[in-house]
Amino acid sequence: MGPDPSGPVEDEALATFREAFSLGEARSFDQDLGYGLIVLGEVASKALSPGINDPGTAIEVLRAGTRVLEVLHEDPDPEAEVTYGSVYAPPLDMANLYSVFFSPIARDGAAVIEVQEALQDCLRAVADFGGRAAAQEEARRARKRAEAVLEADWEQQVLSGA
């Protein structure tokens, strides 16, 4: 007969159990990918603010966020050992992750053609390696937003070809 499940928990087992959880008053990058993408998007939004006006930083943030998403979409290593076979988590909402990252940049960079080109390039890449429908929807919304504010004909042409 095994140990009594309603009996006392040994100190070592309790310590191991507690180490499996990260508790705190704020979200953390280690535990919350969505939070990391939100913060990246905020960096780009701030860079695009009129007082800073740094589209290069916003473009670099787009590329960095796209690399994060690419790693997220990599197939898991089939040789990896399953440490906790009975622990499950719901799948991530990819459409929401794409939205929290790309939408603020699309909004704040709508009038900057270089940002729009990079945004469309990154969303094409995400569509290729990740959630195609969600990425294409983000690209469509970003393009529509930019079409409303880009004034030069050549910018409209670039956007339609992007």
Side-chain angles (χ1 to χ4, degrees), residues 21-84 87-162:
F21 294 91
S22 175
L23 301 176
E25 294 183 21
R27 295 167 85 173
S28 72
F29 299 129
D30 291 340
Q31 297 292 323
D32 190 345
L33 174 66
Y35 177 58
L37 290 171
I38 287 169
V39 171
L40 275 175
E42 288 174 351
V43 168
S45 288
K46 185 164 188 145
L48 291 167
S49 68
I52 296 176
N53 191 22
D54 181 10
T57 294
I59 291 168
E60 286 306 312
V61 167
L62 278 166
R63 292 178 181 149
T66 301
R67 288 191 300 272
V68 167
L69 291 169
E70 184 174 19
V71 170
L72 172 68
H73 284 290
E74 287 178 356
D75 289 331
D77 180 4
E79 301 294 319
E81 182 181 330
V82 175
T83 307
Y84 303 102
V87 177
Y88 297 93
L92 293 172
D93 181 350
M94 290 301 162
N96 182 57
L97 285 178
Y98 297 168
S99 181
V100 299
F101 176 63
F102 290 110
S103 289
I105 303 169
R107 177 195 64 224
D108 297 334
V112 183
I113 190 61
E114 295 84 3
V115 171
Q116 290 304 311
E117 286 179 291
L119 179 68
Q120 293 297 326
D121 286 345
C122 289
L123 284 164
R124 266 193 300 281
V126 172
D128 287 344
F129 63 67
R132 178 168 298 282
Q136 288 174 334
E137 178 61 18
E138 282 301 314
R140 184 195 64 74
R141 287 193 290 199
R143 188 176 290 112
K144 188 170 184 170
R145 179 176 269 149
E147 286 170 350
V149 296
L150 291 173
E151 296 176 1
D153 289 340
W154 70 269
E155 290 175 321
Q156 292 286 342
Q157 290 172 351
V158 167
L159 184 63
S160 66

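Everything quoted here is computed from the prediction, not taken from an experiment.
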If every non-hydrogen atom of [X] is compared with every non-hydrogen atom of [Y], which pair is closest and at what distance?
| X | Y | value |
| --- | --- | --- |
| Gly65 | Leu40 | CA-CD1, 4.0 Å |
| Ile105 | Ala44 | CG1-CB, 3.5 Å |
| Ala47 | Ala58 | CB-N, 4.2 Å |
| Ala135 | Leu123 | CB-O, 3.7 Å |
| Ala127 | Gln136 | CB-CG, 4.4 Å |
| Glu155 | Ile113 | O-CD1, 3.6 Å |

Give, for atom [atom1] of [X] and atom [atom2] of [Y], the distance between the pair rounded to the nearest 0.5 Å.
| X | Y | atom1 | atom2 | value |
| --- | --- | --- | --- | --- |
| Lys46 | Asp108 | NZ | CG | 12.5 Å |
| Leu97 | Ile38 | CG | CD1 | 8.5 Å |
| Glu74 | Leu69 | CD | CG | 11.5 Å |
| Thr57 | Leu48 | OG1 | CG | 9.0 Å |
| Arg145 | Leu159 | CZ | CG | 13.0 Å |
| Glu138 | Tyr98 | CD | OH | 10.0 Å |

### Query
For Asp77, does the CG atom sit with more than 12 other heavy atoms under 6.0 Å from it, leaving out its own atoms?
yes
### Task
Report the C-alpha distance between Ser99 and Arg141 in whole Å, list the side-chain angles of each, state the deciding distance to 0.1 Å, and finish with yes or no for side chain to side chain contact (heavy atoms under 4.5 Å, CB included).
CA-CA 10 Å; Ser99 181; Arg141 287 193 290 199; 4.2 Å; yes
### Salt bridge Arg63-Glu60, side-chain N to carboxylate O under 4.0 Å
yes
### Query
Should Glu147 and Lys144 count as an ion pair when the cut-off is N to O under 4.0 Å?
no
Under a 3.5 Å distance rule, please check whether [X] uses its side chain to pair with a backbone N or O of [Y] as donor and acceptor.
| X | Y | result |
| --- | --- | --- |
| Gln116 | Ala111 | no |
| Ser45 | Gly41 | yes |
| Gln156 | Leu150 | yes |

### Message
Phe101 and side-chain contact (heavy atoms from CB on, under 4.5 Å): which single residue from Asn96, Val61, Val39, Val126 fits?
### Response
Val61
### Task
Could you note down all residue pairs passing side-chain hydrogen bond (donor to acceptor under 3.5 Å, both in side chains) where residues 29-38 supplies at least one of them, sequence neighbours left out?
Arg27-Asp32
### Query
Can Thr66 and Phe102 be said to form a side chain to side chain contact (heavy atoms under 4.5 Å, CB included), step by step?
CA-CA 10 Å; Thr66 301; Phe102 290 110; 4.1 Å; yes
